[in-house]
Amino acid sequence: MAKSIGNALIVGGGVAGMQAALDIAAQGFGVCIVERSPSIGGRMAMIDKTFPTLDCSACILTPKLSEVLRHPNITILTNSEVGSVSGKAGDYKVRILKKARYVDEEKCSGCGDCATECPVEVPSEFDQGLGFRKAIYVPFPQATPNVYTVDMDNCIMCNRCVKVCEREAIDLEMVDEIVEFDAGAIIVATGAQLFDVSAYPRLGYSLYDNVINAMEFERLVNAAGPTGGHLIRLSDGKVPMSIGFIQCVGARDVQKGVPYCSRICCMYSIKNAVMAMEHNPDAKVWVYYADIRAFGKGFEEFYEMAKARFGVRFLRGRVAEVMQGTHSGNLVVKVEDTETSEIRLIEHEMVIVSPGMIPPEGMSKLARKLGLPMTDDGYIKIEHSFFGPVATKDPGVFVCGMADGPKDIPDSVSAGSAAAMKATIILAKGEE
Amino acid sequence: MTTVEKKEVQAKKEWEPQIVAFCCNWCSYAGADLAGTSRIQYPPNARIIRVNCTGRISPEFILASLEMGADGVLVSGCHPGDCHYSSGNLKLRARLTIMKMAIEQAGINPDRIRLQWASASEAQIFADGVTTIVEQVRALGPLRREWK
Amino acid sequence: MTQTDDPRIGVFVCHCGHNIAGVVDVEAVAKMAESLPNVVFSCDEMFMCSDAGQQLIRDKIEEHNLNRVVVASCSPRMHEPTFRRVVEEAGVNRYLFDQVNLREHVSWCHTRQPEAATEKAKDLVKMSVARARVLEDLPIKTVKVLATTLVVGGGIAGLRAALDIGDRGFDVLLVEKESELGGHVAKWTHLFPADESGAEVIKPLIKDVKAHKRITTLTNSKVIEFDGYIGNFEVTVENLKTEKKQKFDIGTVIVATGFIPFRPYGYFAYGESPDIVTLAELQELAPSDQLLKPSDGTPVKKIAFIGCVGSREPGVKGHEHCSRHCCAATAKAAADLREKIEEVLILYQDIRTYGKGHEEFYRLARRRHVIFSKFPRDAKPVVTVKNSEVHMSWRDVLADRELTFQPDLLVLATAMIPPEDIAETAKMFSLTRSGDGFFNPEHIKLAPLTTHTAGVMIAGASQAAKNASESVIDASGAAAKAVGLMAKGEVEIESTVSHVLSELCSSCHTCITVCPYGAINMDETVDPPVAFVTEAKCRGCGTCASACPSSAIIMYHSTDNQIMTMVEAYLCSPAQLEGGEPQ
Amino acid sequence: MKEFALYAGCTTPVRLPAYEASVTKVLEKFGVKLIPMKDVNCCGAQYIESVSYNAFAAMSGRILALAESMGRDILAICGACSGSLKIVKHELDNNEKLRAEVNSLLEDEGLKYTGTVEVKHLLQVFREDIGYDAIKAAIVKPYNGVRLAAHYGCHVLRPPDIVHVDDPENPTIIDRIVEIAGGVAVDYTGKTRCCGGPMLGIDEEVAGKIGTDKIDNIRAANVDGIITACGFCDIQLTQVQFGNEAEGKERIPVLQLTQYLGVALGIDAEVLGISLNKISPAHILATQ
């Protein structure tokens, strides 16, 4: 491997950021990934299966995770945020706030003795609050780096973990650090977050136990999830025999400030509908949609398969309301079937609301630090659709993945590689 | 019923066709993968052996499989013209045509051997092919009987 | 080949969460494996591919001094490289690893037959262990990567890829079969989501490419021969006009051969009236202030679009896919035209304005009173031409009414389909194609730009229907892949090649006739001459090994013995294997 | 002291005098003075609007112009009225052609709409001009545990980017005031659905169905009463409980927010016109 001759900073360790890192590192440049959470992997690590070929997400992502971890040119800073950025293309000075994780990354072997000992159980963010984790934890089994983190908000300072750790890796006195880093190019790969669907009270999310969002569904059907992969209702543990998926929630809605299409919801819901039938072939599964946007490679074919082979029912209509009966916990979806002009009331035992995507928390703050303009929708503004689809106003800063707008996995990966290409052109200039 | 007859009845009841399946890495093995990811269900009787190209499959492999007790052999490769190695599948097809004639002369029903083309995207064709050979062989009964 | 010590095999059975363990009794499989000959360790584990799983393998190799590893998990097409690397890190040659596919080939396709699935899983593990016993280590070979990329296709993707690679400091050979660079985009009057014309976008790219000192452009040219292997390809390019042929040595390839717009004969009376055109043809109409009827040159007052022409047709080979760009392109064209045309109608199935700014066009079109009418999936609109007038009738799903319209111009938004010569291109570069007819990427999600032919990348619409902006992103991404290989300067290659045992060779030349790569020649220096393999040219198909009448050819990692021992392990009971009689 | 021109509309003074009275009394407690508008007309909501938009705009425009001539902002207490006035104001402010047309019609009376007037619905006054803290501080006779269902009314809340009252999908003003006064705000199915009132003049059967459905959903939530802040909704939700459909079912009293709050502020129930309510809310008042 050639010696590192220039460095790139990548903000965000999701699949786009990881791809960008790998492609830059492959050319011999140094890469530093700054990731806010305790592990890289991003949203993709949370999802169960991926469309359109139903590969399990962990299965295809895990090798990438270890590839990134093991690459000699890549440094991963988790639990970290960009503090400040100065300089210009080819020569940025970046200050990174590395938050104390209270566990020495060099010493921790990820054995988990500490978590077994920890008496504090809190809802797991990774499991969307459906499962539990300890106050010292790794977010998910394949977490990378496989290093534990103390959640100080919930730590009761009992010191049991400190005592049990044979490697003496835990230090509850640890303080935040500032890491300085010189970068020739910067790639913003911060991803996006789910729209909070409780903004639509008429759809019953957060009001009724059996109305969940799509990411919660992902965790429910995931073998490593809180139910061990059993698709059951959270209210009573019953296996739902009738399931409804509601589309375009927090997407294509001018009123809610999300006028754009979130691009992935149609497909992930078709995939989720297929997975629901896979878990329970006798279930009746409905998808309520406005337009089915199966536009990517193999997507339309997958949509057809969901209809023809799995028998998923698709009803065109925006759901007016989700109501709950008093006793059974069952839900009634009120919707106009616009293809027959009928108002229908369809009973479900579980309803999954499919949220659109919105820019991640702190996006505007990061954009300010980097001096980047944003779109009206709150994403990083790209320079030009054709001349610079991964470029920004700053010639040394590039963008990929969902940071400039919703994208599915293949498009995020392509954009990650593209951003890497552009970054290395800058880095190579420094080399000359 | 004699004990032997009983045994035969018993054997018949429990008998399930044993199929050796040779698949090329590029088309059919990938097609079988896609059948899995697409959750297409097919009979569990076949055991896939991955080879780089169907052109790698020597007639001896098939004869030896039958000799060792396979009830049927499935060979699945890329469509003519789509071979990752240009033409290995065509060479296999030529060999197989002759070999089928030979085994028929030896008293073995050539329907025990199935050659199919299934591309990486043709999961259903792959799965249907497995179903077909299993049913074909099931109708013929265990190969050992034909030897008698 | 080095002789390896007595096999000490470790078997690792993966639960893959619920994916395998939910159907297959993985514990029973692991337990069974323990009893197999030469297996000194066997276990089952939640996720073998996780860091913990990988560490387990490394630990057990050390602890039990394993020299063969079998992992029973998912498809080797995904994870073989992962596990090969893991065993290698623990000092075991990568070719002494074997993977069993319990997920794609067992649990996922026999979900409702757990017992039979478990039996199958056991058989497959037995077979793999048997194979592992006879695996041999092979040397790890690296080859140099020449610092030149061949870019095939001078459309927007090819131009972008060429520029990026050139800007990064590597040489590019750009081959375009037309006389001009620019592809389809150059011809288009409307591009979305920006407001430029195609020419405005393409011209600067062409200018930069032509001026670039690292880019050699060959127009009117076609790659006619392609040979060699990753890092060291030999290509022959023919000038279609002069028929002059030139040979080039290159390191990496980007195939950006694009698409062609489907010409929908047989659909909606296309071809029966000059006033029925495709969206591509509309884009190429001579620019003028007023859109004129092609038939008589009068201004178009009523225009209609029909979407999904030749796209989204289940069961119609090559037309099942969504063509991705048409909805937004149609919405944009309709919104623009509505400024000057009284009635603009769009017939659609679903409006797929998914991308950045697309939904805005759709809303803009609606705001400008473009009429959108949804037709049923199973009853497409009927178009007839009577007295040179275009008549349309269809059922509007949302109003539940039969409607008719007589547009002055009917525009068919047709599918993106592969160019006619794609089969030839696929064959040349050993690429596979998916159901949509376009090239298959190495992995549809995580490796969308690389292919199964090492060193050959795909970009733009050669991979699938996509719009210009997406093609540009792909192009830069594919360029990164090519540069990654070239910057490193060398790459590891597979050692799975064939080898002639000269003492067994009967000089019959059969192998030479079957080898598709000309990798086998006769060594005339000995008498009688014997065959020998040029390893760099051998791609490991093994056709020669099965063709050799003298069994003189060994296909490394896929020897007769390595294959037959698997059959044996499946069909023969342990007693038989020990020499007993069949029961 | 804040002052508003009170636009009571045409239905409220005739059919719900108690509402107007209670609004005046309660706002007085908080130092908000209401000056009744003289010689006002109907706002033209829905019925005129559906026949002639310009006539509707002129009707609401005249009310706006009258308030401008009084130099006061408008307080509207009916959902339909506040909705019409706000929408027409929005149109007149953004559509010069319409504004010129309306002003030419108003010219005969010497009126002119200039755009200076603001329109508020009662709920806005509670939230913006008085504030929850002031309301809390003024409570002298809190309720104890009475379960109440809030009904906001469509035109009070929609369209949100024009009326600016509350989140139409998750409105909270009434609920908060209910709780401040010691009641329990109860959510129920279809909380933000229409009462059916505006349909009355078009299709009584449909209006009845919508209203009955609303009452059934409220009843399922097991409440003691319904609180509204719209005259039209009040009338509709009350009358659907007297039809044939409702026979044999226990009636749920409908109270105006100002009546409910007024009692907690120590205002005499009689002054608030509670005895005029068609369904007696006695058991609600008994919880104090």
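Since the structure is predicted, the reported quantities are computational estimates derived from the model, not experimental observations. Each chain gets a letter, A, B and so on, in the order the sequences are listed, and its residues count up from 1.
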**Q.** B:A46 versus C:K120, closest heavy-atom pair with distance
**A.** O-CE, 3.1 Å

**Q.** Euclidean distance, B:Y85 OH relative to C:C538 SG, rounded to 0.5 Å
**A.** 8.5 Å

Q) If you count heavy-atom pairs under 4.5 Å between each of C:N440, C:T432, C:N101 and chain B, which one has the most? A) C:N101

Q | From CD1 (B:I48) to CG (C:L124), nearest 0.5 Å | A | 8.0 Å

(Q) Does B:E135, at its CD atom, have more than 12 non-hydrogen atoms belonging to other residues, nucleotides or ligands within less than 6.0 Å? (A) yes

(Q) side chain to side chain contact (heavy atoms under 4.5 Å, CB included), that's the test. Do B:Y42 and C:H110 meet it? Break it down for me. (A) CA-CA 7 Å; B:Y42 57 88; C:H110 312 311; 3.8 Å; yes

Q. Could you give the distance from SG (C:C541) to NZ (B:K91), rounded to the nearest 0.5 Å?
A. 7.0 Å

Q. Would you call C:E119 and B:R47 a salt bridge, using N to O less than 4.0 angstrom?
A. no

Q) Rounded to the nearest 0.5 Å, how far does CD1 of B:I49 lie from CD of C:Q562? A) 12.0 Å

(Q) If we define contacts as heavy-atom pairs under 4.5 Å, which of B:R95, B:R50, B:R39, B:H84 has the most with chain C? (A) B:R39

Q. Do B:Y29 and C:P76 have side chains that get closer than 4.5 Å, going by heavy atoms?
A. yes

Q: Would you check, one step at a time, whether the test side chain to side chain contact (heavy atoms under 4.5 Å, CB included) holds for B:T37 with C:W108?
A: CA-CA 7 Å; B:T37 51; C:W108 278 351; 3.4 Å; yes

Q. Which atoms of C:K427 come close to chain B, meaning under 4.5 Å heavy atom to heavy atom: side chain ones, backbone ones, both, or neither?
A. side chain

Q) Side chain, backbone, both or neither: which part of B:I19 has an atom under 4.5 Å from a heavy atom of chain C? A) backbone

(Q) Does C:V567 form a side chain to side chain contact (heavy atoms under 4.5 Å, CB included) with B:F61? I'd like the steps, not just the answer. (A) CA-CA 8 Å; C:V567 179; B:F61 297 175; 6.0 Å; no

Q) Side chains of C:T111 and B:Q41: do they bring a donor and an acceptor to under 3.5 Å? A) yes

Q. With a 4.5 angstrom heavy-atom cut-off, which part of C:Y517 approaches chain B: side chain, backbone, both or neither?
A. side chain

Q) With chain B, which of C:C74, C:S434, C:S546 has the greatest number of heavy-atom pairs at distances under 4.5 Å? A) C:S546

Q: Write down the atom of B:N52, the atom of C:G540, and the distance for their closest heavy-atom approach.
A: ND2-O, 2.8 Å

Q. In terms of heavy-atom pairs under 4.5 Å with chain C, which of B:A64, B:A127, B:A30 leads?
A. B:A30

Q | Where B:C53 and C:T543 come nearest, the two heavy atoms and their spacing | A | SG-OG1, 4.4 Å

Q.
Counting heavy-atom pairs closer than 4.5 Å to chain B, which one of C:R433, C:H105, C:R112, C:M564 comes out on top?
A. C:H105

Q) Given that the side chain runs from C-beta out, which part of C:A545 has a heavy atom under 4.5 Å from chain B: side chain, backbone, both or neither? A) both

Q) Tell me, side chain or backbone of B:N25 under 4.5 Å from chain C's heavy atoms, or both, or neither? A) both

Q: Select, from C:H557, C:R131, C:E80, C:R103, the one with the greatest count of heavy-atom pairs under 4.5 Å involving chain B.
A: C:E80

(Q) Can you tell me how far apart CZ (C:R539) and OG (B:S86) are? Round to the nearest 0.5 Å. (A) 9.0 Å

Q) With a 4.5 angstrom heavy-atom cut-off, which part of B:I40 approaches chain C: side chain, backbone, both or neither? A) backbone

Q.
Below 4.5 Å, heavy-atom pairs only: which of C:A426, C:A116, C:S75 has the largest tally toward chain B?
A. C:S75

Q: Using a strict cut-off of less than 4.0 Å between a Lys/Arg side-chain nitrogen and an Asp/Glu carboxylate oxygen, indicate whether C:D560 and B:R56 qualify as a salt bridge.
A: yes

Q: Tell me, for B:I57 versus chain C, whether the close heavy atoms (under 4.5 Å) come from the side chain, the backbone, both or neither.
A: backbone

Q. How long is the span from the CZ atom in B:F22 to the CE atom in C:M566, to the nearest 0.5 Å?
A. 9.0 Å

